[in-house]
Amino acid sequence: MDVMSTHTRLCFLAGLTTTTLLGCSHRPGASAPGASAPGASAPGANAPGATTPGATTPARSSSPTASTILEPLDALSAKLAQFAPAELTASTGHLSGQDQAALIRIIEAAKLMDPIFDRQAYEENPKIHAELADDKSPLGAAKLAYFEIMRGPWDRQDHHAPFAIDRTRPPGGGFYPIDLTAEAFKAYVKKHSQDKDALESLFTVVKRTEEGRLEAIPYHEAYKTWLEPAASKLIEAANATSNPSLAKFLRSRAEAFRTDDYYQSDKDWMDVDSLVEVTIGPYETYEDQLLGLKASFEAFVTIADPSASAELAKYKALLPKMEANLPIPDEVKTKRGAESPIRVVDLVYSSGDARKSVQTIAFNLPNDERVRKEKGAKKVLLRNSIEKKFDLILRPIANRIIAEDQLEHLSASAFFYQVLFHELSHSLGPAFTSRDGEEVEVRLALGSSYSAIEECKADVMGAYNILYMIELGEMPKDFADKLLHSYFAGLFRSVRFGVAEAHGKGAAVQINRFLSRKGATFEPSSARFTVHPDALRKAMAELLHDLLMLQHAGDKAAADAMLEQEGIMSTPMVAALTKVGDIPVDIRPLYPLADRTAPDPAAPKNSVRP
């Protein structure tokens with residue numbers, strides 16, 4: 001997980017900012033509480049007043065400071081109701097006895113990612129969870145339930161507003177000392193260059209010693225309580241399965257849990273060809289809003305559909321043509337590994353970073369650019385989750401905010417292919433840039449702004465590439481209208497996560513750019529949008545060009561300016577989204593094949609696991 005270089009995963013999700021739902025003052029455009037601490041590289045913080053060339057600045061709604069007043073019971077109950085329970089499962093009758101035994105052990109290992117992620121999100125999470133569990137009042141129960149969805153005491157759907165404690169979220173989560181700023185971190189690294197690699201590693205926690213030094217603690221030491229038993233479970237699964245490629249990955253990933261060297265196991269994961277597919281480890285950097293450096297642990301346990309996967313395999317062979325067709329100069333185009341397998345799977349269990357508030361429906365991994373250069377990246381589509389999201393969220397939203405005479409173009413198939421091509425697009429475009437004469441990953445050059453820019457790029461490039469497939473004759477011509485309308489409607493599911501979240505901010509950039517270029521227009525009287533296909537195509541190409549050139553240059557100031565000016569909740573967006581408050585923001589997954597009862601080895605025996 002793309003995790004996220006990050007890019008990863010597509011949370012083509014859903015979500016109305018809960019302030020609107022609850023009748024509170026809407027806070028579109030606000031930064032996450034604490035995300036703009038002095039010296040922090042918060043989106044937009046480095047370019048006040050900057051504008052994107054040719055862009056129109058969307059109107060902003062008022063944005064009062066986040067209140068630290070705890071939410072009352074009725075407000076929390078309404079927030080809880082925005083997450084619809086959804087059963088996600090798959091048939092396992094066709095699995096061999098060996099693979100069924102391996103699946104059980106893999107799920108047990110996956111459950112151990114939860115206590116790690118809880119602490120990565122915020123070091124005090126276990127303590128707060130225990131305190132909430134001791135509160136037997138209705139309000140206490142509601143806080144606990146919402147805490148478990150949000151994976152902490154801050155509302156991820158409402159710019160990280162606190163609902164269970166009276167303080168704002170530290171932008172570095174549990175990865176750094178809570179009072180550390182990005183400015184102070186960079187100054188320390190500059191002064192102590194010998195510690196740079198360790199402090200900036202994806203796989204270390206930064207602590208402050210009694211003497212005031214910053215110390216990097218390797219993940220395999222910081223989280224040994226859970227990683228060691230997880231590694232043992234993976235070895236047991238490897239011994240149980242009859243599939244050589246799965247066994248090889250499980251063993252190398254177990255070794256990585258003990259060493260923090262994930263390179264070989266990432267390559268082994270690319271080669272897995274098994275009915276049981278698992279993605280487990282530290283991937284995405286979304287949780288680190290201070291510097292965007294630290295990877296969070298997560299797991300997806302799935303059952304693969306080889307036939308459905310084979311039907312989509314032709315598109316990976318077309319990746320070089322897609323790169324060549326990008327609307328940028330030839331010298332900017334890149335070459336990466338072209339293996340890029342595509343897997344259609346059904347999700348049977350998720351944990352850690354993969355199971356917080358809005359649920360992932362696809363991902364593109366690994367993020368290690370060394371592996372991507374050699375082997376490409378695997379695109380995994382969580383079919384059962386995609387289907388649930390379309391039926392429960394996207395179609396109901398579109399029915400209320402898209403012009404009635406255009407609703408006939410809405411298509412579940414178009415949504416599925418947009419998800420696929422979003423993930424394919426994470427493997428295209430610039431991966432490296434030049435900084436101070438050295439080649440560095442775009443992820444590092446753009447810092448905290450990278451995730452939103454990359455998700456925005458993958459969205460618009462995904463739709464752009466589907467149109468190119470139609471031009472090549474790989475898809476029927478009448479699919480274009482279905483794609484354009486479903487793509488535009490789908491952006492409103494993502495923006496409901498709030499613009500403090502990478503996918504939501506990236507979706508806001510697209511919507512506002514398209515409105516400014518008349519790719520779609522808003523009718524205030526009906527609060528509906530009309531899509532204009534020709535103008536939308538042109539606006540998509542323009543935005544894609546701007547994003548790719550920004551990444552190629554590694555221009556953080558330009559990235560900040562774009563997100564500041566266009567990554568906001570504009571007036572038309574707010575007006576439309578107020579109509580969908582009773583539609584679920586997202587699903588709350590239920591996994592019949594795996595009771596979520598993994599014990600936390602470090603927790604007191606009388607505590608309740610989040």
Side-chain angles (χ1 to χ4, degrees), residues 1-10 202 245-246 248-249 252-253 256 262-274 277-285 295 300 302 304 306 308-326 328 332-345 360 362-382 417-433 439 441-443 450 454-455 457-459 461-462 464-466 468-469 472 474 548 551-552:
M1 176 158 1
D2 103 305
V3 213
M4 172 81 58
S5 57
T6 291
H7 18 15
T8 73
R9 102 186 34 182
L10 166 67
L202 281 165
S245 65
L246 177 60
K248 183 179 181 181
F249 165 67
S252 63
R253 184 48 51 108
Y262 288 88
Y263 175 63
Q264 183 60 50
S265 61
D266 275 348
K267 293 201 297 181
D268 293 341
W269 179 78
M270 286 290 296
D271 295 333
V272 171
D273 184 10
S274 170
E277 284 255 359
V278 57
T279 303
I280 184 169
Y283 292 104
E284 304 295 359
T285 61
F300 296 88
T302 68
S309 301
E311 291 177 7
L312 302 179
K314 67 176 181 178
Y315 296 114
K316 70 179 182 181
L318 293 169
L319 283 170
K321 284 190 174 182
M322 295 182 209
E323 179 78 33
N325 186 59
L326 295 177
I328 51 177
V332 177
K333 296 170 184 175
T334 59
K335 291 184 179 180
R336 305 196 206 180
E339 291 186 32
S340 296
I342 298 171
R343 295 285 188 269
V344 177
V345 303
T360 298
F363 54 88
N364 179 67
L365 293 173
N367 292 323
D368 189 328
E369 289 297 343
R370 298 172 300 171
V371 179
R372 287 178 174 240
K373 273 189 170 182
E374 293 179 45
K375 305 179 75 68
K378 186 187 296 186
K379 295 85 176 74
V380 180
L381 306 180
L382 307 177
Y417 277 95
Q418 172 63 22
V419 173
L420 168 61
F421 277 79
H422 172 110
E423 298 307 326
L424 288 171
S425 296
H426 278 307
S427 296
L428 301 172
F432 293 91
T433 186
E439 184 181 69
E441 290 184 26
V442 171
R443 173 182 65 86
Y450 172 75
E454 175 64 20
E455 292 306 326
K457 181 211 81 174
D459 268 353
M461 187 190 289
Y464 180 90
N465 282 333
I466 292 175
Y468 181 49
M469 293 298 100
L472 292 180
E474 297 292 340
L548 292 172
Q551 289 187 322
H552 173 70

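For the numbers below, each heavy atom of this structure counts, side chains included, while hydrogens, waters and symmetry mates do not. Remember, it's a predicted structure, so these values are computed and weren't measured experimentally.
- Inter-residue side-chain proximity for Lys457 and Leu548 is flagged as met; some heavy-atom pair is nearer than 4.5 Å.
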*Are Lys333 and Ile328 close enough, and set up right, to give a side chain to side chain contact (heavy atoms under 4.5 Å, CB included), and what steps lead you there?*
CA-CA 7 Å; Lys333 296 170 184 175; Ile328 51 177; 4.0 Å; yes

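- The shortest distance between side-chain heavy atoms of Ile342 and Ser309 does not fall below 4.5 Å.
- In this structure, Ala362 and Leu381 approach most closely via the heavy-atom pair CB-CD2, 3.8 Å.
- Side-chain atoms of Glu423 do not come within 3.5 Å of backbone N or O of Leu365 as any donor-acceptor pair.
- Looking at heavy atoms from C-beta onward, His426 lies in side-chain contact with Glu455 at the 4.5 angstrom threshold.
- Here the straight-line distance linking atom CG of Leu246 with atom CG of Asp271 works out to 12.5 Å at 0.5 Å rounding.
- Under the rule for a side-chain contact (heavy atoms from CB on, under 4.5 Å), the partners of Lys248 that lie at least two apart in sequence or sit in another chain are Asp268.
- How far CE of Met469 is from CG of Asn325: 7.5 Å, rounded to the nearest 0.5 Å.
- Side-chain contact check for Met270 versus Phe249: every heavy-atom pair is 4.5 Å or farther apart.
- Between Phe432 atom CZ and Arg443 atom CZ the span is 10.0 Å, to the nearest 0.5 Å.
- Tyr262 has its side chain out of reach of Leu202: every pair of non-hydrogen atoms, C-beta onward, lies at least 4.5 Å apart.
- Pairing each heavy atom of Gly462 with each of Ser425, the nearest pair is N-OG, 3.3 Å.
- Annotation: salt bridge (charged side-chain N to carboxylate O under 4.0 Å, His left out) contacts of Lys314 (sequence neighbours excluded): Glu474.
- Shown here are the ring pair (Phe, Tyr, Trp, His ring centres under 6.0 Å) partners of Tyr315, two or more places apart in sequence or in another chain: Phe421.
- Only one option out of Leu424, Leu326, Ile466 pairs with Met461 in a side chain to side chain contact (heavy atoms under 4.5 Å, CB included); it is Leu326.
- None of Arg372, Arg370, Arg253, Lys375 except one satisfies the salt bridge (charged side-chain N to carboxylate O under 4.0 Å, His left out) rule with Asp266; the exception is Arg253.
- With Thr302 as reference, Val345 is the one residue of Thr279, Val345, Val278 to meet the side chain to side chain contact (heavy atoms under 4.5 Å, CB included) rule.
- For the salt bridge (charged side-chain N to carboxylate O under 4.0 Å, His left out) test, no residue two or more places apart in sequence or in another chain qualifies with Glu311.
- At distances below 3.5 Å, not a single donor-acceptor pair connects side-chain atoms of Glu439 with backbone N or O atoms of Thr433.
- Among residues two or more places apart in sequence or in another chain, the salt bridge (charged side-chain N to carboxylate O under 4.0 Å, His left out) test is passed with Lys379 by none.
- Closest approach of Gln418 to Asp459, counting heavy atoms only: NE2-O, 2.9 Å.
- Shown here for Val332 and Pro430, the closest heavy-atom pair between the two residues is CG1-CG, 4.4 Å.
- Distance alone, capped at 3.5 Å, places no donor-acceptor pair between the Lys316 side chain and the Pro341 backbone.
- Thr285 contributes no side-chain N or O that, together with a main-chain N or O of Ala295, makes up a donor-acceptor pair within less than 3.5 Å.
- Checked against side-chain contact (heavy atoms from CB on, under 4.5 Å), Ala308 has the following partners two or more places apart in sequence or in another chain: Asp305, Val344, Arg383.
- Looking at Leu428 and Asn465, their side chains come closer than 4.5 Å, going by heavy atoms from C-beta outward.
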